[in-house]
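Structure first, commentary second.
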Amino acid sequence: MRAVRIIRINVLTRYYIMTNYSAPNGNGRLRIAVQKSGRLNKASVELLQKCGVKFIRSKNNLLACGQNLPIDLLYVRDDDIPRLIASGSCQLGIAGGNVYQEERLTEAGDSPSFPTPLRTLDFGQCRLSIAVPEGSKIKDTSDLNGLRIATSYPALTRDYLASRGVTADIVLLSGSVEVAPELGTADAICDLVSTGQTLAAHRLIELQPIFQSQALLLGGPEIEPSMQSLLNMLLARVDGVLTVNESKYVMLHAPANKISEITGLLPGAETPTVLPLEGNSGRVAVHAVCRESVFWEHLESLKAAGASSVLVLPVEKMLA
Ligand code: PRP
Ligand code: ZN
């Protein structure tokens, strides 16, 4: 299984380098590995588009070239992303914490070139969980002793079971893990759960979450000095995108003598701008960027404190 995977990466990497680059890091372009299909694909590409990179996807669908910035995307299997960064074929990658942690627990994780998480992104939330068939005698992790558990995450599963002093046979499957109990190839599974629909459809009960995951922006421990400023710019833009996801621009009118009470009610607001209103009404306009979600409850509290004409606007871009 491992051997097959290593060969596949090498072929992919060689093909990529042959068709686009004379050597890794050779052309001053920043390469980012993203999942080619699956739960992270769309959000990963959207994040980079929100950072202002305009991509054109190549005919072979393996690559997308940045038109306005020297940043390219390489579409790969998510499991390959940590190793593509470790080998220097890509400088960055977006992968789930599940994939990253699984790989970190293998031999590859000992390499000094193994990537590190640069940012935790705001999507791809899921958990790796042990699940058992409805009506199973397995009621607790300890009941798995001596039984078979199917998973695509052998290292994380083994690590968790070992921490609980449990020894089970790991049945390694690269997909469709949820059908293993029905087929009689395993007594339990350890797989990703997001909405829980897959478990329900296969009459499996979630027994124990073992790892919480979300998307990570991964980077190698070192980057070529010539690419450092491009990387810094991209990271600042990623931070900007992550901040505006929650941020809102709030405008309201308030009694001048209630400013501190009103601004105290604005979630995650920094020093607001206070502007006089026409005429001598004793009221002022307050403008503030709220860096936390603004809910109806916040608006109701503001109104109760004397605010009026409350407007909440989305923030499109923000650079700290
Ligand atoms: C995962 C997992 C389940 C499904 C669970 O697969 O293997 O099949 O998602 O999601 P749910 O709780 O919302 O039903 P994924 O789509 O990540 O594909 P992969 O495991 O092949 O990478
Ligand atoms: Zn996967």
Side-chain angles (χ1 to χ4, degrees), residues 1-2 4-6 8-9 12 32-47 61-62 73-85 90 93-106 108-109 115 117 120-134 136 138 144 148-161 168 170-218:
M1 185 73 192
R2 250 328 145 201
V4 171
R5 268 205 196 161
I6 290 164
R8 187 166 40 69
I9 292 170
L12 179 78
I32 309 177
V34 294
Q35 192 188 37
K36 70 170 176 241
S37 63
R39 67 175 74 229
L40 302 183
N41 166 266
K42 195 163 167 266
S44 304
V45 177
E46 275 173 9
L47 169 70
N61 267 347
L62 200 70
L73 298 185
L74 181 60
Y75 291 85
V76 296
R77 273 178 50 124
D78 57 353
D79 324 41
D80 294 339
I81 291 174
R83 270 171 288 164
L84 283 168
I85 300 170
C90 294
I94 298 176
N98 52 308
V99 162
Y100 176 72
Q101 194 61 16
E102 176 68 22
E103 201 62 23
R104 212 178 68 84
L105 290 172
T106 68
T120 300
L121 305 173
D122 216 5
F123 57 89
Q125 284 84 358
C126 60
R127 56 196 182 272
L128 187 63
S129 285
I130 297 174
V132 295
E134 276 176 22
S136 164
I138 307 164
L144 285 166
R148 299 158 305 159
I149 181 162
T151 188
S152 309
Y153 298 89
L156 277 164
T157 306
R158 206 172 276 126
D159 200 56
Y160 177 78
L161 294 178
I170 306 275
V171 178
L172 184 60
L173 295 177
S174 58
S176 304
V177 170
E178 59 275 3
V179 300
E182 287 165 51
L183 296 177
T185 46
D187 307 291
I189 66 165
C190 186
D191 199 14
L192 293 182
V193 181
S194 175
T195 61
Q197 281 176 9
T198 304
L199 292 187
H202 293 270
R203 306 184 65 185
L204 295 162
I205 308 286
E206 191 173 355
L207 197 66
Q208 176 68 52
I210 70 163
F211 183 78
Q212 296 290 336
S213 178
Q214 68 192 88
L216 300 174
L217 176 66
L218 303 174

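Computed from heavy atoms alone, side chains included, the values below leave out hydrogens, waters and symmetry copies. In each ligand, atom 1 is the first atom listed, and ligand 1 is the first ligand listed. Note that this is a predicted model, so its numbers are computed, not measured.
The N/O atoms of Asp78, backbone and side chain alike, include none that comes under 3.5 Å of an N/O atom in ligand 1. The N/O atoms of Thr198, backbone and side chain alike, include one that comes under 3.5 Å of an N/O atom in ligand 1.
The shortest distance between side-chain heavy atoms of Asn41 and Tyr75 falls below 4.5 Å.
Each of the following atoms of ligand 1 lies closer than 4.0 Å to a heavy atom of Gly196: 11 (P), 12 (O), 13 (O). The distance from ligand 1 to the heavy atoms of Arg39 drops below 4.0 Å at these ligand atoms: 1 (C), 4 (C), 5 (C), 6 (O), 9 (O), 10 (O), 15 (P), 16 (O), 17 (O). For ligand 1, the atoms sitting less than 4.0 Å from at least one non-hydrogen atom of Thr195 are 11 (P), 12 (O), 13 (O), 14 (O), numbered in the order shown with element in parentheses. Close contacts between ligand 1 and Gln197 involve ligand atoms 12 (O), 14 (O) [criterion: under 4.0 Å to a heavy atom]. Counting the atoms of ligand 1 from 1 in the order shown, those under 4.0 Å from a heavy atom of Val193 are 12 (O).
Counting only residues at least two apart or on different chains, the side chain to side chain donor-acceptor pair (under 3.5 Å) pairs with a member in residues 124-133 are Arg127-Glu206, Ser129-Glu206. Among pairs with a residue in residues 170-194, those fulfilling salt bridge (charged side-chain N to carboxylate O under 4.0 Å, His left out) read Arg148-Asp187, at least two apart in sequence or across chains.
Of the inter-residue distances, the one linking Asp80 atom CG with Leu74 atom CG reads 9.5 Å to the nearest 0.5 angstrom.
Taking every heavy atom of both residues into account, Gly96 and Ser213 meet most closely at C-OG, 3.9 Å. The nearest pair of heavy atoms linking Leu156 to Asn98 is CD1-O, 3.6 Å.
Between the side chain of Tyr153 and the backbone N or O of Leu192 there is no donor-acceptor pair closer than 3.5 Å.
Nearest-residue assignment for atom 7 (O) of ligand 1 (options Val179, Asp191, Leu192; heavy-atom criterion): Asp191. For atom 8 (O) of ligand 1, the nearest non-hydrogen atom from the set Glu206, His202, Glu178 belongs to Glu178.
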